[in-house]
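Right, one structure below, let's go through it.
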Amino acid sequence: QLQASGGGLAQAGGSLRLSCVASGRTFSNYAMGWFRQAPGKEREIVACISRSGGNTYYPASLKGRFTISRDNAKNTVYLQMSSLKFEDTAVYYCAASVLGYVGPLSSSYEYWGQGTQVTVSS
């Protein structure tokens with residue numbers, strides 16, 4: 001089970017940190033990803049991280065503003081978001097890949113959290 005939290009209302013230019021806590025499984029066996037979905041748009045990758053945390057992936061459009069990290073001792077993956085823009089408004093989901101996939105394909109992640117809403121005011 002994946003439980004995402006930390007969403008809320010932020011002003012443009014501000015920051016938020018999302019957390020996703022995993023339970024019921026060995027967290028370090030999974031690569032983790034963050035995705036988002038805005039109204040009327042398809043779900044898209046935000047960031048992902050390997051089992052050990054040594055490898056990360058970001059889409060070019062978000063590189064430099066968002067940082068993914070994980071703490072395997074706490075079964076938690078984080079997404080630090082800075083310089084927020086109105087277009088970052090979306091529901092953010094964490095996801096886990098059994099095979100350790102680190103990449104943008106949502107179909108390669110088997111487990112999903114419930115999502116947390118991020119709203120950025122312009």
Using only atom types and a distance under 3.5 Å, with no angle test, would you say the side chain of [X] pairs donor to acceptor with the backbone of [Y]?
X      : Y      : value
Gln114 : Ala4   : yes
Gln11  : Ser121 : no
Arg51  : Phe27  : no
Thr26  : Ser28  : no
Thr76  : Val21  : no
Arg36  : Ala90  : no

How many angstroms lie between atom [atom1] of [X] and atom [atom2] of [Y], to the nearest 0.5 angstrom?
X      : Y      : atom1 : atom2 : answer
Leu99  : Ser108 : CG    : OG    : 8.0 Å
Gln117 : Thr89  : CD    : OG1   : 7.5 Å
Tyr58  : Thr67  : OH    : OG1   : 4.5 Å
Trp34  : Cys48  : CH2   : SG    : 13.0 Å
Leu16  : Met81  : CG    : CE    : 4.5 Å
Asn75  : Gln3   : CG    : CD    : 13.5 Å

Could you give me the CA-CA distance, side-chain angles and deciding distance for Val102 and Thr56, then say whether side chain to side chain contact (heavy atoms under 4.5 Å, CB included) is met?
CA-CA 7 Å; Val102 180; Thr56 58; 6.0 Å; no
What's the shortest heavy-atom distance between [X] and [Y], and which atoms?
X     : Y      : result
Gly7  : Thr116 : N-OG1, 3.1 Å
Val91 : Gly115 : CG1-CA, 3.8 Å
Ser83 : Ser15  : N-OG, 4.4 Å
Leu2  : Ala96  : CD1-N, 3.9 Å

Should [X] and [Y] be regarded as members of a common hydrophobic cluster, given that ILVMFWY residues are connected when their side-chain heavy atoms come within less than 4.5 Å of each other, either directly or indirectly?
X     : Y      : answer
Leu62 : Phe35  : no
Tyr93 : Leu18  : no
Tyr57 : Leu79  : no
Tyr78 : Val118 : no

Can you say whether the rings of Tyr111 and Tyr30 are parallel (under 30°), tilted (30 to 60°) or perpendicular (over 60°)?
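Because their plane-to-plane angle is over 60°, the rings of Tyr111 and Tyr30 count as perpendicular.
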Phe66 vs Tyr92 aromatic rings, parallel, tilted or perpendicular, using cut-offs 30° and 60°?
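If you compare the ring of Phe66 with that of Tyr92, the planes turn out tilted.
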Would you please indicate if the ring centroids of Tyr101 and Tyr109 are separated by under 6.0 Å?
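Under 6.0 Å, so yes.
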